[in-house]
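Worksheet: one structure, shown below.
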Amino acid sequence: MKRIPIFFAIVTLAVSSAAFAADTIVIKFSHVVAPNTPKGKAAQKFKELAELYTKGRVKVELYPNSQLYKDREEMEALQLGAVQMLAPSLSKFGPLGVRAFEVFDLPYIFPNKESLYRVMDGDIGKKLFAKLAAKEIVGLAFWDNGFKQMSANKPLRNVEDFKGLKMRIQSSKVLDAQMRALGASPQVMAFSEVYTALQQGVVDGTENPMSNLYTQKMHEVQKHLTISDHGYLGYAVIANKKFWDGLPSDLRTSLEKAMQEATAFERDIAQKENDEALAKVRAAGTTEIYVLPLQERLTWHKVLLPVHKEFESVISQDLIHAIYNVAAQVEQEKTNKK
Ligand code: LMR
């Protein structure tokens, strides 16, 4: 008789811990970059805060470095619910049918980070996220990375230097047009394949912010780097809509708070991470670094600007002009302060 309560206690304990396990909501968060990048670090921060604020009721499992899925596959996995969260670059939404996101790829569209953040955090960003609902996706935040630099195994100083080069790009028609405008031959390729493709000469060069270039060791297989800041790379943190909408509202509120703080953290470290990556590439001594002088930059600008016009009908002229207006407003405010 004395054994029965102990038996019941054990059974009760087993049942309640099973129930607890069943109650824990798991978020699989997949991404394609290294953990020691702005995106990788912010994903880690989100995990820590999400688990803290939900008191462990939500567990976030991170899968960096294309461990689970490559670029295109991860979008499909999210829509199918095989993973719950991603943070793809803004250049990867075109194949999903939301071409307006390609506005971020237009060369030289953002003169500075202030204009960029104002676009991301204002009406334009909200309208872009609203477009994702039809794809069963919810947009949670815009994360930063930085302005892109060009690399190859030959110097890229003048526009003519691009002639005939095979340049790896992300799956964006704007980036395709950008490389063609420079006279190069663009090749769409998943991020996880770039290092080997550069090493084996399948492509001659690529573009990325420094943090991606350095953490993927691309500098080891690229003799030349041009600091051109010719375009921008950032992210949309997204979730499977059915999953997100189906969360208990208290948990969703806690996750939103975690996301807000992780986003502030991300914006804070992005530039620093890129500056440090540049310093490390410089120290590695594998790659000659050329900072594009103003005069040459103006030539690149002139050659690349027609890409804006070319994409007015696809992206929307209104959207492109709304971004010009934000940039002009930021400039005006800066002048007024002087
Ligand atoms: C790339 O494919 O070059 C980047 O989008 C990778 C990333 O997510 O930063």
Side-chain angles (χ1 to χ4, degrees), residues 29-44 46 62-75 77-78 83 85-96 98 101-107 116 120 139-152 166-176 178-179 184 186-198 202-219 221-222 225 228-238 262-263 266-267 269-271 273-274 277-278:
F29 186 159
S30 168
H31 67 83
V32 301
V33 297
N36 56 335
T37 53
K39 174 161 68 177
K41 289 186 178 179
Q44 177 64 32
F46 172 72
L62 298 178
Y63 297 95
N65 263 329
S66 310
Q67 229 170 73
L68 277 189
Y69 301 106
K70 294 185 200 171
D71 304 334
R72 194 153 46 92
E73 302 160 0
E74 70 172 14
M75 284 289 198
L78 184 85
V83 293
M85 280 180 69
L86 305 174
S89 107
L90 299 163
S91 318
K92 292 177 183 165
F93 287 78
L96 207 64
V98 273
F101 277 73
E102 288 179 12
V103 76
F104 288 99
D105 294 330
L106 289 172
L116 171 79
M120 288 176 158
L140 302 177
F142 286 102
W143 282 0
D144 188 13
N145 188 335
F147 291 103
K148 292 179 289 186
Q149 321 305 345
M150 292 281 194
S151 68
K166 283 189 258 140
M167 297 294 285
R168 180 268 172 175
I169 55 162
Q170 305 176 73
S171 54
S172 152
K173 297 286 185 220
V174 169
L175 297 180
D176 183 282
Q178 169 201 273
M179 289 303 185
Q187 314 272 321
V188 174
M189 187 179 288
F191 185 63
S192 57
E193 291 164 8
V194 181
Y195 175 87
T196 311
L198 290 170
V202 175
V203 287
D204 303 303
T206 186
E207 58 166 10
N208 240 305
M210 290 310 297
S211 56
N212 276 349
L213 183 131
Y214 176 72
T215 53
Q216 296 297 318
K217 300 188 184 359
M218 290 181 202
H219 59 291
V221 288
Q222 294 280 262
L225 174 72
S228 49
D229 293 328
H230 62 278
Y232 175 74
L233 186 140
Y235 308 106
V237 189
I238 55 177
T263 300
E266 210 268 352
R267 301 256 183 108
I269 63 166
Q271 190 57 47
E273 293 286 324
N274 280 301
L278 176 59

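Every number for a ligand or one of its atoms is a count from 1 in the order of the listing. Numbers here simply count residues along the sequence, with the first being 1.
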Identify every side-chain donor-acceptor pair in residues 186-195 under 3.5 Å, counting partners at least two apart or on other chains, and give the distances.
residue: Gln187; atom: NE2; partner: Ser185; partner atom: OG; Å: 3.3
residue: Glu193; atom: OE2; partner: Lys70; partner atom: NZ; Å: 2.6

- His31 and Tyr63: aromatic ring centres closer than 6.0 Å? no

- Qualifying salt bridge (Lys or Arg N to Asp or Glu O under 4.0 Å) pairs, either residue in residues 209-219, two or more places apart: none

- Task: State, to 0.1 Å, how close Gln216 and Ala34 come at their nearest heavy-atom pair, and which atoms those are.
- Result: NE2-N, 3.9 Å

- Is it the case that Ser172 and Asp105 place a side-chain donor and acceptor less than 3.5 Å from each other? yes

- At a 4.0 angstrom heavy-atom cut-off, ligand 1 is contacted by Val32, Val33, Lys39, Ser89, Lys92, Arg168, Gln170, Phe191, Asn208, Asn212, Leu233, Tyr235

- Message: Under the rule for salt bridge (charged side-chain N to carboxylate O under 4.0 Å, His left out), what residues qualify as partners of Lys92, not counting sequence neighbours?
- Response: Asp71

